Amino acid sequence: MASLQPIRGTHDILAEDHRLYRLVMETAYEIAARYGYQEHSTPIFEFTDVFARTLGDTSDIVTKEMYTFADRNGESLSLRPENTAGICRMFISNGMTQQLPLKVFCRGPMFRYERPQKGRQRQFHQIDAEILGVADPLADIEVIALGAHILEALGLMDRVKLELNTLGDTESRTAYRVQLVEYFNDFRDKLSEDSLIRLKKNPLRILDSKDKGDRVIVEGAPLMSETLNALSEDFFGQVKQGLESVGVEYHIEPHLVRGMDYYCHTAFEFTTDTLGAQGAVLAGGRYDGLIETMGGPRTPGIGWAAGVERLSMMVGDAPEAPRPIVVIPVGGDQESQALIITQRLRKAGFNVNLGFSGNVKKRLNRANKANAVAALLIGEDELAKGVVTLRDMETGEQSEASLSSLEEHLARYR
RNA sequence: GUGGCUGUAGCUCAGUCGGUUAGAGCAUCGGCUUGUGGUGCCGAGGGUCGGGGGUUCAAAUCCCCUCAGCCACCCCA
């Protein structure tokens, strides 16, 4: 039994879910295309280093959630836990520096070894939008506006809230970090165990803690906004202003930080309270130093990722499956004719199903279950007259349709 | 990695003071209708009671282990 189950945290995506996922992904893709983003794909696995070096050795994703294994050459490989590192690697590998600014749309499966729960699986799917090569806040504004546009198109805006923060540039963040450590050091005996570790490795993340005790302490912590240098403050100001000018509402969330180390300046997250404990629906930020860290030319970047399963859960209902016209040979002798007609109609652009076996009753029954719009009954009598019987499956009305002009008779079922 | 709840037919679920062949609804298949679906009537098939071990004359029911699902912590999309 164990071997016939899918691996924990993975599942088969059946037809209905696929329709829903496609709706989400296609909507996102089409809108991104309007903004000039083109779809790219990177492999679902990379040298482990691609993720380990970029995500930072403090992130949980790298330290305990990656599927890492040695291939037959002993090379350490990992299934991608997110897409940004891969995109930056693609940018460097393909020498795409001449194509800047580069707007990338991606979609595909990601893998994280986590305990599954609502809105969280070990294999899940993300859509992704990134702009490489634009240091200007206009890029931040565009990328966030794109995210908002997609959420709006999916009808989710009323259940989603945009949280916005800045992490500042390196100078501001370093200064802030010093302040934070100083502040939290006074509460060493009161901080949660996790946060004590964070204090050493990545103090900013204490701000994000859900521990009740921590939260009280965090209340009194100094704010990033107080240590921002002029440049960072100006940058953030432009982002906010730009968002206002295009009508994207946001809420400043001073404690919003990012899990990955490579982020700077703008950090944002569209969150919801409709997905249980999983709040983040579409989240991202600016990562100006990332490509350089990987060994590429100094190239700014900003982007976001969104969980397809999470978006789908919020959208709720899957679109209906396409409704076919069903071709039914009345007897065995008409089967070859039925096949020819079926194929002819398919080539003419109709959605057509040829029932595979059984008498008329069975085939009609199956047509009904397939939610057919119409059935074409092809029997001896019909063929003798050069017609088929066209049955509307909604009304039950039947009429004769001449074989020569079948396409016209069926026009309304297209 | 930690904690709570759950696991009986394809699906949703009954069934536990342990006791003969484990039930229902829906779904499936067949018939009433050998050229006509959706509603009706009749009938049939389908279950290692998640898996393993233990207690017992006897286990779906009690105990232990394990796997999986859900939810939460954690983390994040």
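Predicted model only: the values in this text are computed from it and were never measured. Order of the sequence lines sets the chain letters (A, B, ...), proteins ahead of strands, with each chain counted from 1.
Taking a cutoff of 4.0 Å between a charged side-chain nitrogen and a carboxylate oxygen, A:E400 and A:K385 qualify as a salt bridge. Salt-bridge formation is detected for the pair A:R363/A:E335: a Lys NZ or Arg NE/NH1/NH2 atom is positioned less than 4.0 Å from an Asp or Glu carboxylate oxygen. Electrostatic pairing of A:R107 and A:E26 counts as a salt bridge here, judged by a charged N lying under 4.0 Å from a carboxylate O.
Separating the P atom of B:C64 from that of B:C5 is a span of 13 Å, rounded to the nearest Å. As rounded to the nearest Å, B:U61 and B:G52 have P atoms that lie 12 Å from one another. Look at the P atom in both B:G19 and B:G37: the space between them is 47 Å, to the nearest Å. Look at the P atom in both B:G40 and B:G47: the space between them is 27 Å, to the nearest Å. For the C1' atoms, the distance linking B:A58 with B:U20 amounts to 11 Å, nearest Å. For B:U56 and B:U16, the C1' atoms lie 16 Å apart once the distance is rounded to whole Å. Rounded to whole Å, the P atom of B:G50 lies 15 Å from the corresponding atom of B:G15. A gap of 9 Å separates the C1' atoms of B:U2 and B:C74, to the nearest Å.
Here B:A68 presents its C1' atom at 11 Å from CZ of A:R122, a figure rounded to the nearest Å. For the pair A:R310 CZ and B:C76 P, the interatomic distance rounds to 11 Å; values are reported in whole Å. Rounded to a whole Å, the CD atom of A:E163 is 14 Å from the P atom of B:C76. Atom CG in A:L14 sits roughly 12 Å away from atom P in B:C11 (whole-Å rounding). One can place CD of A:E309 at 17 Å from C1' of B:C70, the figure rounded to the nearest angstrom. Put simply, NZ on A:K64 is 11 Å from C1' on B:U2, counting in whole angstrom units. Across the protein-nucleic acid pair, A:M313 atom CE and B:A77 atom C1' stand 10 Å apart, rounded to whole Å. B:A77 atom P lies 10 Å from atom CG of A:L282, rounded to whole Å.
The residue A:G9 sits close only to the backbone: its heavy atoms come under 4.0 Å of sugar-phosphate atoms, none of a base. Residue contacts for A:G119: at a heavy-atom cut-off of 4.0 Å it reaches a base atom on one of the strands shown.
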- Item | Heavy-atom protein contacts under 4.0 Å, nucleotides 33-40 of chain B, coded B base, S sugar-phosphate only, - none | B-BBBB--
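Residues A:K103 and A:L132 are not in side-chain contact: their nearest non-hydrogen atoms beyond the backbone lie 4.5 Å or more apart. Under the 4.5 Å side-chain criterion, counting only non-hydrogen atoms from C-beta, A:F268 is in contact with A:T266. Side-chain contact between A:S402 and A:H409: present, with at least one pair of heavy atoms (C-beta onward) separated by less than 4.5 Å.
Between A:Q121 and the options A:H11, A:R112, A:E114, A:M110, a side chain to side chain contact (heavy atoms under 4.5 Å, CB included) holds for only A:H11.
You'll find that the side chain of A:R112 is closest to B:C76, out of B:G1, B:C76, B:A68. Of the candidate nucleotides B:A72, B:A77, B:G69, B:A72 has the atom lying nearest to any side-chain atom of A:Q117.
Annotation: of the two residues near RNA chain B, A:T10 and A:A283, the 5′-most nearest-nucleotide partner is A:T10. Between A:Q121 and A:P116, the residue whose closest nucleotide on RNA chain B is further toward the 5' end is A:P116.
Ring geometry for A:H149 against A:Y35 counts as perpendicular: the plane angle is over 60°, on a 0 to 90° scale with 30° as the lower cut.
Scanning RNA chain B for stems, defined as runs of 3 or more consecutive Watson-Crick or G-U wobble pairs whose donor-acceptor distances all fall under 3.5 Å, gives the following ranges: B:1-7 with B:67-73, B:10-13 with B:23-26, B:28-32 with B:40-44, B:50-54 with B:62-66.
If you check distances only, the side chain of A:R115 never reaches the base of B:C70 with a donor-acceptor pair under 3.5 Å. Judged by atom type and distance alone, A:R120 does not reach the base of B:C70 through any side-chain donor-acceptor pair under 3.5 Å.
In this structure, the side chain of A:R323 does not engage the main chain of A:Y413 through any donor-acceptor pair within 3.5 Å.
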- Dump the intermediate steps for ring pair (Phe, Tyr, Trp, His ring centres under 6.0 Å) on A:Y183 and A:F187, then the final yes or no. CA-CA 8 Å; A:Y183 171 81; A:F187 295 95; 5.0 Å; yes
Enumerate, atom names and distances included, each donor-acceptor pair closer than 3.5 Å involving a side-chain atom of residues 86-93 of chain A, sequence neighbours excluded.
{"from": "A:R89", "atom 1": "NE", "to": "A:S93", "atom 2": "OG", "distance (Å)": "3.1"}
{"from": "A:R89", "atom 1": "NH1", "to": "A:E46", "atom 2": "OE1", "distance (Å)": "2.9"}
{"from": "A:R89", "atom 1": "NH1", "to": "A:E46", "atom 2": "OE2", "distance (Å)": "2.5"}
{"from": "A:S93", "atom 1": "OG", "to": "A:R89", "atom 2": "O", "distance (Å)": "2.8"}

